[in-house]
Amino acid sequence: MGGYIFEAINTIGKAIIRDKQMLTDLDAAIGDGDHGINMARGFEAVQAKMQALEAETDIGKVMKTIGMTLISSVGGASGPLYGTAFLRAAGPSQGKTKLDTDTASLMLAAAITGIKERGKAIRGEKTMLDALEPAYDAFMEGAKVNKTVIECLELACNAAQEGVEFTKTIAATKGRASYLGERSIGHQDAGATSSYIMLHALLEFLRGNN
Amino acid sequence: MKKVINVPEQVVEEMLQGMVLAHPQYVKRIEGFDVLVRANAPESKVALVSGGGSGHEPSHAGFVGRGMLDGAVAGAVFTSPTPDQVYEAVKAVDNGKGVLLIIKNYSGDVMNFEMAIEMAEADGIVVDKVIVNDDVAVENSTWTIGRRGIAGTVLVHKITGAKAETGADLAEVKRVAEKVISNVRSMGMALAPCTVPAAGKPSFILEDNEIEIGMGIHGEPGTHREALRSADEITDHLVDKILADMPLGTGEEVAVLINGLGATPLMELYVINRKVAAILGDKGIKIAKTYVGNYMTSLEMAGFSVSILKLDDELKELLFAAADTPALVQF
């Protein structure tokens, strides 16, 4: 058994690898059908890298390693986007060994800013931001009334899930699905889904470790 | 899935090994990376790097050689290469005169190549980019990320490569690349899908009598589906779309590229070319050069694309310049 952060990342990686086929199928409907394959390849590389970091307790150091590993192993659009997200999340978590509400909210905010800058995207374009931004807003609502990090993350996960549902109702204007325009309506966005899967896996881990 | 492979995860690696063994006079491998560069590059010229997902062979490494590319980066099948791979290619081909990246317009390609540019610039390498967006099937509106880059990219490689070979500086080479990009239009159709090895099943399903019009080179769905029609009718439709976007007048000159997507026989590509020539001939448009074959494929997808490049004297001269690469040789 590794440390707290090692196990948290392991749980997230396992969830992505478990849902590889579902993510690929979602992508195939409106994109080019490789999201699950690429994300699983990335998290397999992360798991391999994490072996050497089993005893690492600094969340920031681990986030940086994950970001670099995703950037150099995923490719496509999700590599730079998720890679940048994890790299940016490394900033506010540097030197932290436990995920408190403050740290988690700063990490989420930094990750979202990174994704927006790298992808030149905003909410409402049928991307991962449609899960992550509502998740952040909900997290902050919880933080404002002093809920615990797990309670905040529960709110965030629910909002992310609603965000994933929302992507079914809109047309894509970013990524390969944008080529379909109106034909993309009715389909769930694969990137929003992988974002939800990661948040949910983190929540499950925190619940199990509380 | 029926494919002649060993394991899906090793396809790209084993393909690169095979390419180097087949074409040692043209390409060599950058050890540890999915990058092939010219075996014998001149010392002082602007270097051209292109690349993208694998599965489009002979694109991109097939065009590494004299008069075309200096380096090609291979991503996973249909997936943009990662920035570190592109960065290695840039470092390997840079000889001080600068490097131009030729990128096809997909968000993944653009993001990964841009990150590579940031890495190379931090090293003091002069590097710039052009983005190819020749696919007229896609609406170029605020509702999309712009048009896709497809087979017309090969003509960008050819002409830009010829310009770089003259010893022109980076700004000049980039100007020519952008001129080609603004004058080339393409559109494709598919009769049958392809299967990405790691996915193991076809990327889309078409009924026996169905065709997909305007799909991308990764099997992204096209603009619409319709019933199978004759080669002439389909060709008419594709060329109409191209000419609607790029009006060509009597006496103007073009180059034509009839590109197979992997599973369409040359016989059919020639049938299509005959019709393209007839349509252009009727309009008084002169065809200066024609390429027919598999240049930018989509694994074993059945179908083709038509690309038309409007020429002026400068582009024509560069198009006719010599090229010596594994997949394109002309003197």
Side-chain angles (χ1 to χ4, degrees), chain A residues 20-21 23-25 27-42 44-45 67-84 87 114-115 117-121 124-127 170-184 187 191, chain B residues 8-9 34 52-54 73-87 105-116 119 135 137-139 141-148 193 195-205 214-224 298:
Chain A
K20 167 178 160 177
Q21 191 58 48
L23 290 172
T24 291
D25 290 346
D27 190 29
I30 47 175
D32 61 341
D34 62 2
H35 188 56
I37 296 167
N38 292 343
M39 291 299 287
R41 183 175 60 243
E44 275 156 19
M68 295 301 287
T69 308
L70 292 180
I71 286 169
S72 64
S73 64
V74 177
S78 37
L81 292 172
Y82 278 125
T84 301
L87 272 186
I115 290 169
E117 285 174 12
R118 182 59 67 194
K120 300 177 181 78
E125 294 179 317
K126 203 176 179 103
T127 72
I170 53 174
T173 53
K174 278 285 180 298
R176 286 191 191 164
S178 73
Y179 302 128
L180 272 182
E182 299 283 309
R183 280 170 90 195
S184 66
H187 295 282
Chain B
E9 295 74 24
D34 297 336
S54 294
V73 199
V77 176
F78 289 178
T79 299
S80 155
T82 56
D84 51 321
Q85 300 276 341
V86 181
Y87 169 60
N105 194 32
Y106 298 97
S107 11
D109 287 75
V110 174
M111 278 188 259
N112 283 287
F113 278 75
E114 280 179 348
M115 289 172 88
M119 294 160 86
D135 186 0
V138 174
E139 289 293 317
S141 72
T142 50
W143 300 101
T144 72
I145 56 163
R147 289 175 168 170
R148 296 180 283 229
T195 297
V196 173
K201 58 180 188 181
S203 43
F204 56 94
I205 305 286
M215 81 298 139
I217 52 171
H218 310 94
E220 310 99 311
T223 53
H224 65 283
S298 302

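Chain letters run A, B, ... following the sequence lines, proteins first, then strands; residues in each count from 1. Just so we're clear, the structure is a prediction, and the values are computed from it rather than from any experiment.
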Side chain, backbone, both or neither: which part of [X] has a heavy atom under 4.5 Å from chain B?
| X | answer |
| --- | --- |
| A/Ile37 | side chain |
| A/Lys20 | neither |
| A/Gln21 | side chain |
| A/Asp27 | neither |

Original post:
Which atom names give the shortest non-hydrogen contact between A/Asp34 and B/Thr79, and what distance separates them?
Top reply: OD2-OG1, 2.8 Å
Original post:
At their closest point, which heavy atom of B/Met111 faces which heavy atom of A/Gly119, and how far apart are they?
Top reply: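 Closest approach of B/Met111 to A/Gly119, heavy atoms only: SD-CA, 4.1 Å.
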Out of [options], which one racks up the most heavy-atom pairs below 4.5 Å with chain B?
| options | answer |
| --- | --- |
| A/Gly83, A/Ala177, A/Pro80 | A/Pro80 |
| A/Leu81, A/Thr84, A/Thr24, A/Ile30 | A/Leu81 |
| A/Ser72, A/Gly79, A/Ser78, A/Ala171 | A/Ser72 |

Original post:
Is B/Met119 atom CE crowded by more than 12 heavy atoms from other residues, nucleotides or ligands, each under 6.0 Å away?
Top reply: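 For B/Met119, atom CE is crowded (more than 12 foreign heavy atoms under 6.0 Å).
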Original post:
How about B/Glu9 and A/Arg41: do any of their side-chain heavy atoms sit closer than 4.5 Å?
Top reply: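 No; the side chains remain at least 4.5 Å from each other.
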**OP:** Name all residues meeting the ring-ring contact (aromatic ring centres under 6.0 Å, His included) criterion together with A/Tyr82; count only those two or more places apart in sequence or in a different chain, and write none if there are none.
**Re:** none
Original post:
With a 4.5 angstrom heavy-atom cut-off, which part of B/Asn112 approaches chain A: side chain, backbone, both or neither?
Top reply: both
Original post:
Would B/Asp84 and A/Met68 count as a side chain to side chain contact (heavy atoms under 4.5 Å, CB included) if you check the C-alpha gap in whole Å, the side-chain angles of each, and the deciding distance to 0.1 Å?
Top reply: CA-CA 10 Å; B/Asp84 51 321; A/Met68 295 301 287; over 6 Å; no
